[in-house]
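Single-structure report; data block below.
The model shown is predicted, which means the values in this text are computed figures rather than measured ones.
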Amino acid sequence: MAAQPPTIPLLTPYKLGKFNLSHRVVLAPLTRRRSYHNVPQPHAILCYSQRTSNGGLLIAEATGVSDTAQGYPDTPGIWTKEQVEAWKPIVDAVHAKDGVFFCQIWHVGRVSNSGYQPNGQAPISSTDKPIRLNGIDTSEFTPPRRLRTDEIPQIVNDFRLAAKNAIEAGFDGVEIHGGHGYLLDQFLKDQVNDRTDQYGGSLENRCRFPLEVVEAVVKEIGADKVGIKLSPFDDYTDSGDSNPNALGLYMANSLNKYGILYCHMAEPRMETVGEKSESHQSLLPMREAFNGTFIAAGGFDREDGNKAVAEGHADLIAYGRWFLANPDLPKRFELNAPLNMYNRDTFYLSDPVIGYTDYPFLETTA
């Protein structure tokens with residue numbers, strides 16, 4: 001009897017709520033800045049379709065919940081009828097190949113032109129010179145102002161409406177962006193949140209606003225269609241925390257009350273943008289505390305992705321740069337084939353093809 005090939009943990013099936021995934025390789029949300037005037041474009045149909053496999057989970061690039069939520073040029077939104085209609089053919093293309101598609105919804109907070117943030121301090125470190133944000137580009141922003149307590153319900157409602165619009169556009173669900181130094185993360189982290197009202201100070205108070213967003217979105221579209229992205233260990237845009245373990249555990253336990261589908265967390269080793277560093281911290285306590293599906297992200301390759309799944313540290317692994325450069329990444333992992341190298345210089349070009357849909361598939365690689 002012929003020996004059976006070894007099982008590849010990343011390529012084993014997984015039941016994500018009502019969705020039957022054929023493998024555990026997830027397309028991470030990737031800001032691409034090709035949505036001119038904040039409207040998704042037809043060229044995104046090809047980009048997402050290329051990265052769709054039968055039973056694969058894709059998370060769309062971060063998508064603004066309102067016109068005051070935007071921080072970078074040409075990132076998509078989902079607050080207008082035009083945007084919803086523009087998303088529909090993109091979602092349809094993913095579903096045509098039997099993919100599962102979630103929309104990441106965000107508000108960038110003090111990175112945005114609105115300048116909203118939890119406190120009244122300057123963005124990052126200075127207001128009089130350009131600042132590099134999340135590795136994307138250098139931009140000038142107006143000095144941020146404190147988000148008034150009476151404005152918070154409107155932001156919560158913006159997330160609720162964005163989730164409603166995402167379902168109208170055909171998405172299978174939404175991922176609330178609560179990480180990487182954007183608005184919700186700015187409230188979570190004690191190194192940036194210096195509020196003295198019910199949204200600042202204690203861990204419970206700092207988590208209040210993000211959990212209000214979760215509650216509103218769950219009530220609108222159902223817990224089985226809701227995920228959240230968190231990054232308690234990172235320090236993007238000077239949004240760090242003095243006790244990330246306590247923060248991550250508190251959020252994991254609190255999220256259980258809402259019964260959401262998944263929690264997507266960034267590895268502690270990704271404390272800064274795009275670079276892995278040694279860390280003695282682990283997501284395992286949060287993974288064990290959270291009752292739903294746990295997705296890990298941050299610097300994974302084939303080997304340590306397989307290891308994380310095999311050892312039970314995560315149910316699914318999200319890949320960003322490698323999935324960008326290898327639209328057939330699950331197939332390459334299956335065959336242990338060589339990977340295309342990504343080109344950082346083309347990550348955020350506005351070109352509809354270069355660095356976007358021109359990475360070769362395995363069959364066309366010489």
Can a donor-acceptor pair be found, under 3.5 Å and without considering hydrogens, that links the side chain of [X] to the backbone of [Y]?
{"X": "Glu311", "Y": "Val309", "value": "no"}
{"X": "Asp304", "Y": "Asp301", "value": "yes"}
{"X": "Arg34", "Y": "Ser350", "value": "no"}
{"X": "Ser254", "Y": "Tyr250", "value": "yes"}
{"X": "Lys225", "Y": "Ile221", "value": "yes"}
{"X": "Asn340", "Y": "Asn326", "value": "no"}
{"X": "Gln104", "Y": "Pro29", "value": "no"}
{"X": "Asn157", "Y": "Pro153", "value": "no"}
{"X": "Ser239", "Y": "Gln186", "value": "no"}
{"X": "Arg195", "Y": "Gly200", "value": "no"}

Return the minimal non-hydrogen interatomic distance between [X] and [Y], and the atom names on each side.
{"X": "Arg287", "Y": "His313", "value": "CG-O, 3.2 Å"}
{"X": "Trp79", "Y": "Asn38", "value": "CH2-CB, 4.2 Å"}
{"X": "Ile105", "Y": "Ala162", "value": "CG2-CB, 4.1 Å"}
{"X": "Ala337", "Y": "Leu362", "value": "CB-CD1, 3.8 Å"}
{"X": "Ser231", "Y": "Gly179", "value": "OG-CA, 3.2 Å"}
{"X": "Leu249", "Y": "Ala289", "value": "CD2-CB, 3.9 Å"}

Trace of the salt bridge (Lys or Arg N to Asp or Glu O under 4.0 Å) decision for Lys229 with Glu175: CA-CA 7 Å; Lys229 174 68 180 287; Glu175 176 177 288; 5.4 Å; no
Test: [X] and [Y] ion pair at under 4.0 Å:
{"X": "Glu168", "Y": "Lys81", "value": "yes"}
{"X": "Asp197", "Y": "Arg148", "value": "no"}
{"X": "Glu212", "Y": "Arg208", "value": "no"}
{"X": "Asp234", "Y": "Lys189", "value": "yes"}
{"X": "Asp241", "Y": "Arg206", "value": "yes"}
{"X": "Glu61", "Y": "Arg32", "value": "no"}

Determine whether more than 12 heavy atoms belonging to other residues, nucleotides or ligands lie under 6.0 Å from atom [atom1] of [X].
{"X": "Leu335", "atom1": "CG", "answer": "yes"}
{"X": "Lys97", "atom1": "NZ", "answer": "yes"}
{"X": "Lys219", "atom1": "NZ", "answer": "no"}
{"X": "Glu85", "atom1": "CD", "answer": "yes"}

Taking the side chain as every heavy atom from C-beta outward, state whether Cys263 and Leu230 have any atom pair closer than 4.5 Å.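 Yes, side chains in contact.
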Nearest 0.5 Å, what's the CZ-CD distance between Phe209 and Gln198?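 That separation rounds to 12.0 Å.
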Just verifying a value: how many Å separate Leu188 CG and Cys207 SG, rounded to the nearest 0.5 Å?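 If we round to the nearest 0.5 Å, Leu188:CG and Cys207:SG are 5.0 Å apart.
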Does a donor on one side chain sit under 3.5 Å from an acceptor on the other, for Ser53 and His23?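 Yes, His23 and Ser53 have a side-chain donor paired with an acceptor closer than 3.5 Å.
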Between Gln70 and Thr75, is any side-chain donor less than 3.5 angstrom from a side-chain acceptor?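 Yes, a side-chain donor-acceptor pair sits under 3.5 Å.
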Starting from the C-alpha separation in whole Å, work towards a yes-or-no answer on salt bridge (Lys or Arg N to Asp or Glu O under 4.0 Å) for Arg146 and Asp194. CA-CA 10 Å; Arg146 188 187 303 274; Asp194 63 356; 3.8 Å; yes
Under the side-chain contact (heavy atoms from CB on, under 4.5 Å) rule, what do Leu316 and His264 come out as? Steps first, then yes or no, please. CA-CA 9 Å; Leu316 308 173; His264 177 187; over 6 Å; no
Between Tyr342 and Phe347, how do the two ring planes meet: parallel, tilted or perpendicular, split at 30° and 60°?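 Because their plane-to-plane angle lies in the 30° to 60° range, the rings of Tyr342 and Phe347 count as tilted.
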Test ring-ring contact (aromatic ring centres under 6.0 Å, His included) on Phe19 and Phe101 and set out the steps. CA-CA 10 Å; Phe19 307 108; Phe101 205 11; over 10 Å; no
[X] and [Y]: aromatic ring centres closer than 6.0 Å?
{"X": "Tyr359", "Y": "Phe323", "answer": "no"}
{"X": "Phe290", "Y": "Tyr262", "answer": "no"}
{"X": "His43", "Y": "Tyr356", "answer": "yes"}

